[in-house]
Amino acid sequence: MTYQGVLRKMETEFSNPIQYYLVFENDFINMNQLLNKRIKMEFVKFQCLNCGLDKPIYRQGFDKQCFYETARAGDWIMRPELSTAHLGIEDRDLDYEKKAQLQPHIVYLANSSNVKVGVTRKSQVPTRWIDQGAHEAIEIVEVPNRYLAGITEVALKDYVADKTNWRKMLKNEIEDENLVEWRERLRSYIPDEAKDYFIESNSETNLEFPVHKYPEKPKSLNIQKAHTYEGTLVGIKGQYLIFEDETVFNVRANEGLVLGISVI
């Protein structure tokens, strides 16, 4: 059977192991059920996640014009400290920005390739940690808006990483860390505006991914250039599909591409 649709990041279910779903307009695939099966992927066309047109994708699933116009790609998304909805100041669409920014946000520590600090909406815990391929994570503060989370992240970035090494994450070159101790070490660096939101009592969350074989030398698949690819799926971690020949495919980085996917 062949499935076809525009790629969006895989939806996930927090279980043991994590369950992954590719959701298309009229169908979905439980990707865990494709483990150890040979699958074929074919690039069909582009479909911008904003306007729906067949125009080359620029970033985050949007074509270039939409990327610079849609409220869903404002600078505050990647840099939460630039959020201004709490001041009533519009970036691109104040109604949208109020809904997205003026809700509880979590600043967290996650360990995927190393311990890193990050920000997510409270409603996206633990989804955000799953998407990053973190095998353990812990919350540091819960604040009422995105701006406070952003300035907290910026302050802590001086003392802990804010990036994941995707190769180390996929190779499973990981070490367990005591994230409770990490949180306590970073506590004094939290900005004054966010100090009252420090979370005292929670423990770390552990995550298990459906991976049968980790790659030793992961090779990233560019499906636009290759147009087609066939391989045996042996694992899923973060937003990556891992194949037996050590090819890896980042679903999230290919949002906005229409693919045909079949089991062969």
Side-chain angles (χ1 to χ4, degrees), residues 1-39 41 49 60-61 72 77 99-100 103-113 116 118-140 142 149 164 166 169-172 174 176 179 199 202-215 218 221 231-244 248-263:
M1 183 174 182
T2 298
Y3 301 85
Q4 181 172 307
V6 59
L7 283 186
R8 292 176 172 84
K9 81 180 186 75
M10 288 181 284
E11 295 188 13
T12 57
E13 182 183 347
F14 182 43
S15 55
N16 193 8
I18 308 298
Q19 294 291 312
Y20 282 91
Y21 303 88
L22 260 185
V23 179
F24 294 143
E25 292 89 333
N26 301 309
D27 217 337
F28 72 92
I29 313 170
N30 179 343
M31 297 302 293
N32 297 58
Q33 294 183 353
L34 300 188
L35 287 168
N36 294 327
K37 293 189 167 130
R38 191 164 181 84
I39 65 175
M41 298 191 296
L49 297 185
Q60 298 175 31
R72 293 186 287 158
I77 292 172
K99 287 175 187 171
Q103 58 174 286
H105 278 68
I106 299 292
V107 181
Y108 62 85
L109 294 173
N111 185 7
S112 45
S113 60
K116 71 174 287 290
V119 166
T120 191
R121 288 168 290 156
K122 184 179 181 180
S123 61
Q124 290 300 296
V125 172
T127 302
R128 179 69 175 145
W129 304 337
I130 295 170
D131 290 346
Q132 292 179 333
H135 67 282
E136 55 186 354
I138 197 168
E139 301 170 357
I140 305 175
E142 178 183 330
T164 295
W166 66 271
M169 182 271 288
L170 288 175
K171 291 159 72 173
N172 210 38
I174 55 176
D176 288 332
L179 297 184
I199 299 170
N202 66 329
S203 56
E204 63 182 56
T205 299
N206 294 286
L207 304 98
E208 182 179 333
F209 295 90
V211 180
H212 297 168
K213 180 186 176 186
Y214 288 98
L221 169 64
T232 301
L233 185 67
V234 294
I236 314 169
K237 190 177 185 189
Q239 281 287 323
Y240 284 85
L241 304 179
I242 303 170
F243 294 91
E244 193 169 38
V248 297
F249 181 68
N250 186 341
V251 174
R252 186 162 206 173
N254 287 279
E255 287 185 311
L257 274 58
V258 175
L259 293 192
I261 298 177
S262 52
V263 181

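Index from 1, following the sequence. Hydrogens, waters and symmetry mates play no part in the numbers below; they use all other heavy atoms, side chains included.
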Side-chain heavy-atom pair [X], [Y] within 4.5 angstrom cut-off:
X      : Y      : answer
Leu241 : Leu221 : no
Leu109 : Ile140 : yes
Phe24  : Ile261 : yes
Thr205 : Phe14  : yes
Pro218 : Lys171 : yes
Thr120 : Val125 : yes
Leu22  : Tyr3   : no

**Asked** With Thr127, which of Glu13, Glu11, Gln132, Lys9 fulfils side chain to side chain contact (heavy atoms under 4.5 Å, CB included)?
**Response**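 It is Lys9, the one option of Glu13, Glu11, Gln132, Lys9 that forms the side chain to side chain contact (heavy atoms under 4.5 Å, CB included) with Thr127.
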Please answer whether the main-chain N or O of [Y] pairs with a side-chain N or O of [X] as donor and acceptor at a distance below 3.5 Å.
X      : Y      : value
Gln19  : Thr12  : no
Glu255 : Val251 : no
Gln239 : Met10  : yes
Arg252 : Gln60  : no
Asn254 : Gly61  : no

Is the closest side-chain donor-acceptor distance between [X] and [Y] under 3.5 Å?
X      : Y      : answer
Asn206 : His135 : no
Ser112 : Thr164 : yes
Asn172 : Lys237 : yes
Asn250 : Tyr240 : yes

**Prompt:** Would the number of heavy atoms belonging to other residues, nucleotides or ligands and lying under 6.0 Å from CZ of Phe28 be above 12?
**Reply:**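 No - once you tally the heavy atoms of other residues, nucleotides and ligands closer than 6.0 Å, there are 12 at most.
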**Message:** Looking at Asn16, I'd like to know if its CG atom is crowded, meaning that more than 12 non-hydrogen atoms belonging to other residues, nucleotides or ligands lie closer than 6.0 Å.
**Reply:**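 It does: Asn16 CG has more than 12 such atoms within range.
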Testing the basics here: between [X] and [Y], what is the closest heavy-atom pair and its distance to 0.1 Å?
X      : Y      : result
Leu7   : Leu49  : O-CD2, 4.2 Å
Leu35  : Gly235 : CD2-N, 3.4 Å
Trp129 : Ala137 : CD2-CB, 3.3 Å
Ala100 : His105 : O-CE1, 3.3 Å
Ser262 : Thr2   : CB-OG1, 3.3 Å
Pro17  : Pro210 : CB-N, 3.8 Å

Drop me the distance from [X]'s [atom1] to [Y]'s [atom2], to the nearest 0.5 angstrom.
X      : Y      : atom1 : atom2 : answer
Ile106 : Arg128 : CD1   : CZ    : 13.5 Å
Ile236 : Ile130 : CD1   : CD1   : 12.0 Å
Tyr20  : Ile29  : OH    : CD1   : 15.5 Å
Ser203 : Glu136 : OG    : CD    : 11.5 Å
Phe243 : Lys213 : CZ    : NZ    : 13.0 Å
Leu34  : Leu233 : CG    : CG    : 6.5 Å

**Message:** Checking Ile18 against Glu208 for the side-chain contact (heavy atoms from CB on, under 4.5 Å) test, could you report, in this order, the C-alpha distance in whole Å, the side-chain angles of both residues, the deciding distance, and whether it holds?
**Reply:** CA-CA 6 Å; Ile18 308 298; Glu208 182 179 333; 6.0 Å; no
**Request:** For side-chain contact (heavy atoms from CB on, under 4.5 Å), just list the numbers for Leu170 and Ile242, CA-CA rounded to whole Å, side-chain angles, deciding distance to a tenth of an Å, and then say yes or no.
**Result:** CA-CA 8 Å; Leu170 288 175; Ile242 303 170; 4.0 Å; yes
**Presence of salt bridge, Lys122 and Glu142, under 4.0 angstrom** =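 Judged by the 4.0 Å cut-off on N to carboxylate O distance, Glu142 and Lys122 do form a salt bridge.
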